[in-house]
Trainee: 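Below are the structure tokens for one structure; questions will follow.
These figures come from a predicted structure and were not determined experimentally.
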Amino acid sequence: MPLVGHYVSLSKQESIESFLETMNSSPLIRNFPLAVLQLRQLFGSAVPAFPPKFYLAMTKSMADERRSQLEQYLQNVTLDSNITHSDVFIGFFRKLQQDTFKIQTQRAFLDVYLADGSNIRLDIQTSDTAERILEVTLYRMGLSRELIKYFSLFFFQDHDDGALSVVKKVAEFELPYVSLQSMKELCCKLGIRKWYMDPSLDTLLMDCRASLNLLYMQAIQEVKRNWLKPTERQMQELEFLQKNANKAKFLELIREMQFYGYVRLDPCICDYPEEGCSADIYVGNNEINCCIKLPTNQIKEVSFKINRLRSWQVAFLGATKDGGDDTLELRFEYNDSGTWQWIVLYTKQAFLLSSCLKKMISEQMMKAAKEGQEMEIKMPESMKNSKKSSIQQEQVLHSGFMSRKRFLVRPNEDDCVFDKIREEDL
């Protein structure tokens, strides 16, 4: 069953189920329609009307439709950053997260890790949001306030074999302390990473010492963890620049290397070009790059360009038959040689991949809008309306999440978190 993936720690499916089960059975969820009304008073039609409930006894198909409407509603609401930054929204979900994991507001210490392995210890309240924690951390590092938007908090894992896994981006209204308590078994850490997919944006951060240091530490980390693919000569040049602490030149050189600025996902399974293929995935610079191992053991590298992607969905498939880890999938609709087809990636980092896709599309739209403004100065008045129309059409094409389809794989009945929703709570 597709799940909303914006406000809950997603590295452990038991945590998802616990969160949603509490959300659906908690007295707080009864107040959600009231919170929606308050949001509509603030934002008007930007907040969709709360899905109407059935007052007669529901059949199984009606209950499935109701659950689908609710999860789609929550996804639509959380796509608008103006809404998720509002006091009404933050206050409601703060209580919901604390109620889920039974953590009261109190003083605590929280470690925020940098890419070089060092950490900054903060004296916080357990109810502090990720947005607040990020601002305090970067302020202590001396980062200019206008540059905060280029960074974000992430949950990550350091593996014994030296591999680095970025579990997920932390939503701005998420409570990092609460999420970490729910992920203790996974030994996750909270860290700061840059948050943009266009490597050329590095140039906007080079004049600030703090942002330069953050970029430099992350670049070194990604070289050590084999996220990049420098040539032997490039590697020698990087080592020379690092030895001489020439950070600006180091970053200038590394931007030329394959996969710099990309997010690397853990190895996963995909259904392209055929079922059961394993893949190493890099996402960034307006593409999903897949290095696919075919059943014949041949390696095929495929680049899925973001401007040929129409929509995508994230779904929770439940536990595997052998009792292994729970499974997430991300499927995207792609134009391959003039034909639209669905391509499926089975990865526990599906929500991280979704966040990266949204980020790339938003950067494309901002770039198109900026170019449109520059062209308006030079264009005849008669051409301006047609230019605006083409930009609007491009924005409609990249719609992000789409309505849930019935072809999505369904988990077993025991895995359906929403089965425990009571009608009077909705």
Trainee: So does Glu301 have more than 12 non-hydrogen atoms from other groups sitting under 6.0 Å from CD?
Mentor: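 Atom CD in Glu301 is crowded, with more than 12 foreign heavy atoms closer than 6.0 Å.
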Trainee: For the pair Asp80 (side chain) and Asn82 (backbone), establish whether a donor and an acceptor sit closer than 3.5 Å, ignoring hydrogens and angles.
Mentor: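 Here the side-chain-to-backbone pair exists.
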Trainee: To the nearest 0.5 Å, tell me how far Ser86 OG sits from Phe92 CZ.
Mentor: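 With rounding to 0.5 Å, OG (Ser86) is 12.0 Å from CZ (Phe92).
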Trainee: Would the Phe304 and Tyr272 ring centres measure less than 6.0 Å apart?
Mentor: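 Yes.
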Trainee: Can you tell me how far the CD1 atom of Ile343 sits from the CD atom of Glu333, to the nearest 0.5 Å?
Mentor: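 Answer for the CD1-CD pair, Ile343 versus Glu333, is 10.5 Å.
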Trainee: Please find the pair of heavy atoms, one from Leu147 and one from Ser211, that lie closest to each other, and give the distance.
Mentor: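 Leu147 and Ser211 have their closest heavy atoms at CD1-OG, 3.8 Å.
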Trainee: Is the shortest side-chain heavy-atom distance between Glu363 and Lys359 below 4.5 Å?
Mentor: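 Of all side-chain heavy-atom pairs linking Lys359 with Glu363, at least one is under 4.5 Å.
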Trainee: Quick check: do Tyr177 and Asp128 have side-chain heavy atoms less than 4.5 Å from each other?
Mentor: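 The answer is no, as the side chains (C-beta and beyond) never meet within the 4.5 Å cut-off.
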Trainee: Under 4.5 Å between any side-chain heavy atoms of Glu222 and Gln218, yes or no?
Mentor: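 Answer yes - side chains close enough.
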Trainee: Consider side-chain hydrogen bond (donor to acceptor under 3.5 Å, both in side chains). Of Gln157, His159, Lys348, which one does Ser165 pass it with?
Mentor: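 The residue from Gln157, His159, Lys348 that satisfies side-chain hydrogen bond (donor to acceptor under 3.5 Å, both in side chains) with Ser165 turns out to be His159.
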Trainee: Ignoring hydrogens, what is the shortest heavy-atom contact between Ala130 and Leu153? Give both atom names and the distance.
Mentor: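 Taking every non-hydrogen atom into account, O-CD1, 3.5 Å.
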Trainee: So, for Pro295 and Glu274, which heavy atoms are closest and what is the spacing to 0.1 Å?
Mentor: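 Here Pro295 and Glu274 meet closest at CG-OE1, 3.6 Å.
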Trainee: Any non-hydrogen side-chain atom of Leu164 less than 4.5 Å from a side-chain atom of Trp227?
Mentor: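 In contact.
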Trainee: When you look at Thr105 and Gln125, which way does the side chain to side chain donor-acceptor pair (under 3.5 Å) test go after all the steps?
Mentor: CA-CA 6 Å; Thr105 298; Gln125 295 289 315; 5.9 Å; no
Trainee: State, with a plain yes or no, whether a side-chain heavy atom of Trp342 is found less than 4.5 Å away from one of Asp271.
Mentor: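 Result no, sub-4.5 Å side-chain heavy-atom pair not found.
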Trainee: Can you tell me how far the OG atom of Ser355 sits from the CE atom of Met360, to the nearest 0.5 Å?
Mentor: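 Those atoms lie 11.0 Å apart.
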Trainee: Between Arg94 and Ser127, is there a donor-acceptor pair closer than 3.5 Å when you use the side chain of the first and the backbone of the second?
Mentor: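 At least one qualifying donor-acceptor pair exists.
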Trainee: Looking at Lys189 and Asp111, is there a salt bridge between them, counting it only when a charged N and a carboxylate O are closer than 4.0 Å?
Mentor: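 No.
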Trainee: Give, for atom CD of Gln298 and atom CD1 of Ile292, the distance between the pair rounded to the nearest 0.5 Å.
Mentor: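 CD1 of Ile292 is found 12.5 Å from CD of Gln298.
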Trainee: Under the side chain to side chain donor-acceptor pair (under 3.5 Å) definition, can you give me all pairs with a residue in residues 134-150, not counting sequence neighbours?
Mentor: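 Passing the test, one end in residues 134-150: no pairs.
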Trainee: Relative to the ring of Phe93, is the ring of Phe89 parallel (under 30°), tilted (30 to 60°) or perpendicular (over 60°)?
Mentor: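 The rings of Phe89 and Phe93 sit tilted, inter-plane angle from 30° to 60°.
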Trainee: If you count the non-hydrogen atoms of other residues, nucleotides and ligands that lie under 6.0 Å from CZ in Arg40, is the total more than 12?
Mentor: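 Yes, CZ of Arg40 has more than 12 neighbouring heavy atoms, counting only those of other groups under 6.0 Å.
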Trainee: Step through the shown structure and confirm whether more than 12 heavy atoms of other residues, nucleotides or ligands are within 6.0 Å of CE on Met366.
Mentor: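 Open: at most 12 neighbouring heavy atoms sit under 6.0 Å from CE of Met366.
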Trainee: Rounded to the nearest 0.5 Å, what separation is found between the SG atom of Cys270 and the CD1 atom of Ile288?
Mentor: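 Here the rounded value is 11.0 Å.
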Trainee: So, the side chain of Arg255 versus the backbone of Thr203: is there a donor-acceptor pair under 3.5 Å, distance only?
Mentor: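 Answer holds: no.
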Trainee: Please assess Lys169 against Phe351 for the test side-chain contact (heavy atoms from CB on, under 4.5 Å), listing each intermediate value before the final yes or no.
Mentor: CA-CA 8 Å; Lys169 177 185 177 295; Phe351 286 111; over 6 Å; no
Trainee: Can a donor-acceptor pair be found, under 3.5 Å and without considering hydrogens, that links the side chain of Gln97 to the backbone of Leu175?
Mentor: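 Between the backbone of Leu175 and the side chain of Gln97 there is a qualifying donor-acceptor contact (under 3.5 Å).
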Trainee: For Ala350, does its backbone N or O pair with a side-chain atom of Ser354 as donor and acceptor, under 3.5 Å?
Mentor: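 Answer holds: no.
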Trainee: Between Leu39 and Val47, which heavy-atom pair has the shortest distance, and what is it?
Mentor: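 Closest pair (atom of Leu39, atom of Val47, distance): O-CG2, 3.7 Å.
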Trainee: Please evaluate residues Phe250 and Leu238 with respect to the criterion side-chain contact (heavy atoms from CB on, under 4.5 Å), reporting the C-alpha separation (whole Å), side-chain torsions for both, the decisive distance (0.1 Å), and the verdict.
Mentor: CA-CA 6 Å; Phe250 184 98; Leu238 287 178; 3.7 Å; yes
Trainee: Roughly how far, to the nearest 0.5 Å, is the CG atom of Leu190 from the CE atom of Met183?
Mentor: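 Result: 9.0 Å between the selected atoms.
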Trainee: Heavy-atom distance under 4.5 Å between the side chains of Leu134 and Glu131, does that happen here?
Mentor: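 A side-chain contact is absent here, since even the closest heavy-atom pair is not under 4.5 Å.
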Trainee: Are any side-chain N or O atoms of Tyr262 and backbone N or O atoms of Leu228, one a donor and one an acceptor, separated by less than 3.5 Å?
Mentor: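 Side chain of Tyr262 to backbone of Leu228, a donor-acceptor pair under 3.5 Å: no, none is there.
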Trainee: For residues Gln106 and Thr126, is any side-chain donor paired with an opposing acceptor at under 3.5 Å?
Mentor: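 Absent: no donor and acceptor within the cut-off.
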Trainee: For Tyr282 and Glu287, what are the C-alpha separation, side-chain angles and deciding distance, and is it a side-chain contact (heavy atoms from CB on, under 4.5 Å)?
Mentor: CA-CA 8 Å; Tyr282 296 80; Glu287 69 167 344; over 6 Å; no
Trainee: For the residue pair Ser179 and Phe155, what are the closest heavy atoms and their distance?
Mentor: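 Where Ser179 meets Phe155 most closely, the heavy atoms are CB-CZ, 3.5 Å.
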Trainee: For residues Leu110 and Leu180, determine if any side-chain heavy atom of one lies less than 4.5 Å from a side-chain heavy atom of the other.
Mentor: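 They are in side-chain contact.
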Trainee: Around atom CG of Asp160, are there more than 12 heavy atoms of other residues, nucleotides or ligands at under 6.0 Å?
Mentor: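 No - once you tally the heavy atoms of other residues, nucleotides and ligands closer than 6.0 Å, there are 12 at most.
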Trainee: Restricting to non-hydrogen atoms, name the atom on Arg308 and the atom on Ser337 that form the minimum distance, rounded to 0.1 Å.
Mentor: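 Looking at all heavy atoms of both residues, the closest pair is NH2-N, 3.3 Å.
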Trainee: How about Arg209: does its CZ atom have over 12 heavy atoms from other parts shown lying under 6.0 Å from it?
Mentor: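 Counting other residues, nucleotides and ligands, CZ of Arg209 stays at 12 neighbours or fewer.
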Trainee: Does the distance from a Lys or Arg side-chain N to an Asp or Glu carboxylate O, for Arg225 and Asp158, drop under 4.0 Å?
Mentor: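 Asp158 and Arg225: salt-bridged.
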Trainee: Might you confirm whether atom CG of Asp87 has over 12 heavy atoms from other residues, nucleotides or ligands at distances under 6.0 Å?
Mentor: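 Not more than 12 within 6.0 Å, no.
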Trainee: Does Asp202 form a side chain to side chain donor-acceptor pair (under 3.5 Å) with Tyr196? I'd like the steps, not just the answer.
Mentor: CA-CA 9 Å; Asp202 276 6; Tyr196 51 87; 2.4 Å; yes
Trainee: Show, in sequence, the C-alpha distance, side-chain angles and deciding distance for Asp280 and Lys293, and conclude whether the side-chain contact (heavy atoms from CB on, under 4.5 Å) test is met.
Mentor: CA-CA 9 Å; Asp280 290 329; Lys293 186 176 182 180; over 6 Å; no
Trainee: Do Ile148 and Leu143 have side chains that approach each other closer than 4.5 Å (heavy atoms only, starting at C-beta)?
Mentor: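 Answer yes - side chains close enough.
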